[in-house]
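Worksheet for the structure shown next.
This is a predicted model, so every value here is computed, not measured. Reckoned from all heavy atoms, side chains included, excluding hydrogens, waters and symmetry mates. Here is how names work: the chains are called A, B, and so on, in the same order as the sequence lines, proteins then strands, and each is numbered from 1.
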Amino acid sequence: MSNDLSPKERMAIDRVHMPELPADERSTNFEEVNLGLSADQALSEAQRCLQCKTRNCVAGCPVGVSIPEFIDALACDDLPKAAKILRGDNALPAVCGRVCPQETQCEALCVRGKKGDAVAIGYLERYVADWAMLHPDRLLKEAKPEATGKSVAVVGCGPAGLTAAGELARMGHQVTIFEALHDTGGVLRYGIPEFRLPKEIIDREVAVLAELGVTIECNVIIGKTLTVAELSEDYDAVFIANGAGLPTMLNIPGENLKGVYAANEFLTRVNLMEAGRREDSATPILQRDEVAVIGGGNTAMDCVRTARRLGAKRAMIIYRRGEAEMPARIEEIKHAKEEGVEFIMLTAPLAIVGTEDGWVSALRCQKMELGPADDSGRRRPQPVADSEFDIPAGIVINAVGTNANPLLTATAPDLKLNKWGNVVADEEGQTSIPGVFAGGDIVRGGATVILAMGDGKRAAAAIDQYLKR
Amino acid sequence: MFEVVSNEILAENLHKMVLVAPRIAKARKAGQFVMVRLAQGEERIPLTIGDADPAAGTITLFIQAIGASTRKIVSTPVGGFIRDVAGPLGKETHITNWGRVVCVGGGVGTAVLFPLVKALAEAGNEITTIIGGRSERYVILADELGALSKNLLITTEDGSLGYKGFVTGPLSEMIADPARAPQAVFAVGPVPMMKAVANLTREPGIETIVSLNPIMIDGTGMCGGCRVQVGSETKFACVDGPEFDAHLVDFDGLSDRLTSYRKEEAARHAAEGCKLAKEVAK
Ligand SMILES: Cc1cc2nc3c(=O)[nH]c(=O)nc-3n(C[C@H](O)[C@H](O)[C@H](O)COP(=O)(O)OP(=O)(O)OC[C@H]3O[C@@H](n4cnc5c(N)ncnc54)[C@H](O)[C@@H]3O)c2cc1C
Ligand SMILES: Cc1cc2nc3c(=O)[nH]c(=O)nc-3n(C[C@H](O)[C@H](O)[C@H](O)COP(=O)(O)OP(=O)(O)OC[C@H]3O[C@@H](n4cnc5c(N)ncnc54)[C@H](O)[C@@H]3O)c2cc1C
Ligand code: SF4
Ligand code: SF4
Ligand code: FES
Ligand SMILES: [Mg+2]
């Protein structure tokens, strides 16, 4: 097949709609919401791409995926080629196709978006990656690299660590990943719920690494079980990718009441430990009719949609600013609304109110209004006088953010940190210790999957250079 | 996978278990703990590292079987495996030579106390250990702790061994006697016991350290579930603790949060009990 439509013909095609589970059905289970495109849909969407010489879209992708090229291969029905192009640029395409905030990245710069709808780059990426997972035998074989005899320790099995490990293994280095938890994936496993990212996808990505000869050792906490100094002694280089870490507390009264969760705890119980997802799960989770989630990012959306699936009749988002200011992906907001989540905007929490025996009963709030824009360009919310009110809630979840993780850095005195406790690393991931590199959320603070992966990729290249010296 | 090399019953529902965990055995210090998950699908629970033998590559856990997870863990036979053991976690105990130190242990806290007493004795402290239990049957590790201490005092609620009453009895006597009053007190056990000890030592201003046991999930600072109020600050016990200045801890808050899942735990305990009974009947 060829991809030789005229621009006019391309322009005439409408953007595809992702098939979804019906909202009333999915809001009671953890099945993936987006079902994936059919072959016809993918082909038609691929034909919408104008194959621009300027490649605007590529500039919007933090890892520079060769977007027009993989889409062209897809439009020519050459899936093995599309998969190969994608893989070359992006180690976890099945993940990114699902969770990248495309509307602010690649798709934001797509020329078709100027008049009408951008090409659904994320959906196409997912389509190709899912096809590749199901057809391992049809993929173009990778040449097995020659062993270099060098070894690299990777700390953390999230997207940054997984990406770096894959790249380094493909360069012929012997890689060992050390992971603190009992399972792989980092936030992809314990944070992002199955209805957005099935665990099977992570398992498959991890299996690919195993095939490349990467060793993964779970239950090893760097900074505790072993130190960075010990790794530096035993390995030729180290890549630190231990993620963001500690939840930021709200510091309002009532935060220690029973029924108040930090987002990470709520999500970890449900995602990593299967609480509430398996009838007889060993790890417990509270289930209440009214759940208030504080925050407006992806984490908040994941919490509120999870609470809904665990049976909350009222699952609510409480956010200080307006809906337009919410940092969550647009698709998550749309899905949450369809699932019956209530959005209580311009509302800030003042206190968590409890019963006599220590359980949460309500979230005390204050109305806000948007004032003039602040330094970040966002309009700063300010309280409306005498506007306090209570929202009844049996569970309150704090999803306002995280601070840097101090476990590893506490025992690595030579590792330079910034004032927030994040590891200082240059563009290539080089830290203040020779041979020790870092990337992902531990360097950036809470960011995105694709930025973490980009860091892993650049650091792997820098490590390779370092090892060749 | 972590192999169980011994599993001894010290008292009713109290097991001493030795596991092969060479890296942890080498790295651990007094006061630290591990997160244990028996098998796929099981809970992650925190357990103090009671002792370690770096040469043999083993760690010792003292486990009180009180609920579904601990009961399953203690029923792992010698030669069996525990899937996940991660650590050592938490800060190590701050050990110095205070002079006269009293170490107070109650229930399974007595076992948690063991590595502390050992480290304090090695630092040259003169130690009085006070351990308590409901009755003689529940008093554990008396010989081991006695060997490390200058004095060992035992209390039982029913008077079947040692002093009749609570551990606070002999402690308050010592505090009242200028010749025996300690410079520091370590207390590990049920929350009400630690609170009572803190109340005794607050007035005379004796430095008092307690090891807290809030509900933990990851044990690495990631989830915030183990938070406790210490003075004006919210602390994560798994990274900032588990040991804290007893005079600053909000014990009532800790007690209350520990009951968060009572209903769910009771249900699981009953369900696992039924399963066990059915298997026995087969
Ligand atoms: C709920 C939630 C939803 C999100 N949704 C999106 C989304 O839709 N799209 C998007 O792009 N981004 C999203 N993000 C952000 C994204 O997940 C992160 O930016 C990304 O995972 C960072 O990757 P990382 O590899 O740096 O760290 P992580 O994914 O945090 O992985 C770090 C790993 O290191 C391990 N570790 C920590 N300390 C140690 C140690 N001392 N020794 C050994 N191992 C250690 C951790 O257990 C973890 O497995 C979301 C985040 C959350 C929390
Ligand atoms: C730092 C630390 C060190 C500890 N050391 C020891 C030790 O050396 N030996 C020992 O026997 N016990 C120790 N504990 C307590 C032990 O973790 C709990 O008894 C155990 O988790 C109970 O689990 P279960 O499923 O058997 O009982 P459940 O019936 O589920 O719970 C019984 C009670 O245990 C507490 N608990 C439940 N889940 C947890 C959890 N995830 N984390 C902490 N507490 C929980 C609650 O108060 C609960 O009501 C320690 C706890 C902490 C925090
Ligand atoms: S990785 Fe993310 S930003 Fe890049 S092309 Fe794919 S979806 Fe777009
Ligand atoms: S900008 Fe849009 S239309 Fe142009 S090549 Fe990229 S995806 Fe295709
Ligand atoms: S157990 Fe999760 S932060 Fe301490
Ligand atoms: Mg339990």
Under 6.0 Å from the CD atom of A/Glu200, do we count more than 12 heavy atoms belonging to anything else shown? no
Per-residue tally against chain B (heavy atom, under 4.5 Å) across A/Thr227, A/Asn398, A/Val260, A/Asp183 peaks at A/Val260
Heavy-atom pair of closest approach, residues B/Thr220 and A/Asn405: O-OD1, 4.3 Å
Is a side-chain N or O of A/Asn219 found less than 3.5 angstrom from the main chain of B/Asp84, in a donor-acceptor match? no
Could you state the interatomic distance from OG1 (B/Thr234) to CG (A/Asn251), rounded to the nearest 0.5 Å? 6.0 Å
d(B/Arg44 CZ, A/Thr268 OG1) to nearest 0.5 Å is 9.0 Å
Minimum heavy-atom distance between B/Gly221 and A/Pro247, given as atom pair plus value: O-CD, 3.7 Å
Turns out that what part of B/Arg37 lies under 4.5 Å from chain A's heavy atoms comes down to side chain
Among B/Arg28, B/Glu264, B/Glu265, B/Lys263, single out the residue with the greatest number of heavy-atom pairs under 4.5 Å to chain A. B/Glu264
What part of B/Val85 gets closer than 4.5 Å to chain A, counting heavy atoms only: side chain, backbone, both or neither? backbone
Spatial distance of atom CZ (B/Arg83) from atom SG (A/Cys218) [nearest 0.5 Å]: 7.5 Å
Could you report the tightest heavy-atom contact between B/Ser260 and A/Trp359, atom names first, then the distance? O-CH2, 3.2 Å
Counting heavy-atom pairs under 4.5 Å to chain B, which of A/Met249, A/Met273, A/Lys224, A/Glu255 comes out on top? A/Lys224
Among the listed options B/Gln32, B/Glu43, B/Glu42, the residue most often paired with chain A at heavy-atom distances under 4.5 Å: B/Glu43
Between B/Asp218 and A/Tyr190, is there a side-chain heavy-atom distance shorter than 4.5 Å? no
Carboxylate-amine/guanidinium contact A/Glu230 B/Lys26, below 4.0 Å: yes
Assert top hit (heavy-atom pairs under 4.5 Å, partner chain B, pool A/Asn264, A/Leu257, A/Leu181, A/Val220) equals A/Asn264
So CG of B/Leu89 and OG1 of A/Thr225: to nearest 0.5 Å the spacing works out to 7.0 Å
What option among A/Ile221, A/Asn256, A/Leu407, A/Leu286 has the most heavy-atom pairs under 4.5 Å with chain B? A/Asn256
Once you round to the nearest 0.5 Å, how far does SG of B/Cys223 lie from CZ of A/Phe266? 13.5 Å
Which one wins on heavy-atom pair count under 4.5 Å against chain A: B/Gly224, B/Ala267, B/Gly87? B/Gly87
With a 4.5 angstrom heavy-atom cut-off, could you sort out which part of A/Ile285 is near chain B: side chain, backbone, both or neither? backbone
Expected output: side-chain B/Arg23 to main-chain A/Leu226 donor-acceptor under 3.5 Å: no
Checking heavy atoms, do the side chain of B/Leu38, its backbone, both or neither come under 4.5 Å from chain A? neither
Kindly indicate whether the side chain of B/Arg262, heavy atoms from C-beta on, has any atom under 4.5 Å from the side chain of A/Lys258. no
Heavy-atom pairs under 4.5 Å with chain B are the metric here; pick the option from A/Ala262, A/Ala282, A/Gly223 that has the most. A/Ala282
